[in-house]
**Q** 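Can you read through this structure? Questions will come right after.
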Amino acid sequence: MKKILVIDDEPLMRTFLRATLEHAGYEVKEAPDGNEGLHLFHTYSPDLIITDMIMPDKDGIELIMEIRKSESAIKLIAISGGGYIPAEKYLTLAKALNIDTCLQKPFDSHQIVSAVKKVLEP
C-alpha cells in the first residue's frame, strides 16, 4: 500500500484528503504545518507528499526546498487556493522546484485521486 503524507493547515482540507485517499486505497498521515510535515517526512517515509503552499511557520516553498535537499526523488503534489497572491503564482513557484504536479483549490475527489494515480502509478 502506497503511503501519502498530507500537509495543510486547513483541518477540513486534511480530513477531505485523508478520507478521499484512504477510500482510494492509500495509507495517509497528515500534518497541520510545514514543520510537523518535515518531521513526518523523515519518520514516516511516504511515497508521495501533498502539500499546501500557504501555511504558517513553514510554507510550501520552504518545505519543498528542504525536502528536495534530502530526497530529490520523492513525489510531490502542490496545492493552493491562493492568498494575497493568486494561487497560480504559488503553483508556478512550486513547479520551478521540480514538483510532479499541482492542483488549484477547490478541487474534487476525482481530481485529487487522478493526480495521485498519475504520479504514483504512471
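All values derive from a computational prediction rather than experimental measurement. Side-chain atoms are counted along with the backbone in the values below, which use heavy atoms only and exclude waters and symmetry mates.
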**Q** Which pairs, with at least one residue in residues 3-12 and sequence neighbours excluded, count as a side-chain hydrogen bond (donor to acceptor under 3.5 Å, both in side chains)?
**A**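 Those involving residues 3-12 are Asp8-Lys105, Glu10-Lys105.
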**Q** His110: what forms a side-chain contact (heavy atoms from CB on, under 4.5 Å) with it, not counting sequence neighbours?
**A** Asp108
**Q** Taking Ile112 as the starting point, is it possible to reach Leu76 by hopping between hydrophobic residues whose side chains are less than 4.5 Å apart?
**A**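 Leu76 does not cluster with Ile112.
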**Q** List in chain and number order the residues that pass salt bridge (Lys or Arg N to Asp or Glu O under 4.0 Å) with Arg18, two or more places apart in sequence or in another chain; answer none if no residue qualifies.
**A** Glu22, Glu30
**Q** Can you measure from OG1 (Thr51) to CG (Leu5) and round to the nearest 0.5 angstrom?
**A**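 Answer for the OG1-CG pair, Thr51 versus Leu5, is 8.0 Å.
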**Q** Could I get the full list of side-chain contact (heavy atoms from CB on, under 4.5 Å) partners for Ser72, not counting sequence neighbours?
**A** none
**Q** Which heavy atom of Ile54 sits nearest a heavy atom of Ser80, and at what distance?
**A** CD1-OG, 4.1 Å
**Q** Test: salt bridge (charged side-chain N to carboxylate O under 4.0 Å, His left out). Region: residues 31-48. Which pairs qualify, not counting sequence neighbours?
**A** none
**Q** So, Glu62 side chain and Asp59 main chain: donor-acceptor pair closer than 3.5 Å or not?
**A** yes
**Q** Out of curiosity, does Ile7 fall in the hydrophobic cluster containing Met13 (side-chain heavy atoms, cut-off under 4.5 Å, transitive links)?
**A** no
**Q** What I'd like to find out is whether the side chain of Phe16 reaches to under 4.5 Å of the side chain of Thr20, using heavy atoms alone.
**A**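 When only atoms from C-beta onward are counted, Thr20 and Phe16 do touch, with a gap below 4.5 Å.
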**Q** I need the minimum non-hydrogen distance between Ala78 and Ala94, along with the two atoms involved.
**A**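 Nearest pair, atom of Ala78 first, then Ala94: CB-CB, 3.8 Å.
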**Q** Would you say Ile61 and Val6 are hydrophobically clustered, going by side-chain heavy atoms of ILVMFWY under 4.5 Å?
**A**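 In one cluster: no.
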**Q** I'd like to know if the side chain of Arg68 and the backbone of Leu63 have a donor-acceptor N/O pair within less than 3.5 Å.
**A** no
**Q** Taking salt bridge (Lys or Arg N to Asp or Glu O under 4.0 Å) as the definition, give me every residue that meets it alongside Glu66, ordered by chain and number, with sequence neighbours left out.
**A** Lys58
**Q** Under 4.5 Å between side-chain heavy atoms, counting indirect links through other Ile/Leu/Val/Met/Phe/Trp/Tyr residues: same cluster for Leu48 and Tyr44 or not?
**A** no
**Q** Distance-only check: which donor-acceptor pairs under 3.5 Å involve side-chain atoms of residues 114-121, not counting sequence neighbours?
**A**
{"residue": "Glu121", "atom": "OE2", "partner": "Tyr26", "partner atom": "OH", "Å": "2.9"}

**Q** Indicate if Ile64 and Leu40 have the same hydrophobic cluster label, given that clusters are the connected sets of ILVMFWY residues with side-chain heavy-atom separations under 4.5 angstrom.
**A** yes
**Q** To the nearest 0.5 Å, what is the distance between OG (Ser45) and NZ (Lys29)?
**A**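 That separation rounds to 11.5 Å.
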**Q** Quick one: which of Ile4, Thr101, Ile49, Ile99 gives a side chain to side chain contact (heavy atoms under 4.5 Å, CB included) with Ile77?
**A** Thr101
**Q** By salt bridge (Lys or Arg N to Asp or Glu O under 4.0 Å), which residues pair with Glu27, not counting sequence neighbours?
**A** none
**Q** Can you measure from CD (Gln104) to CE (Met53) and round to the nearest 0.5 angstrom?
**A**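 Output value for this atom pair is 12.5 Å.
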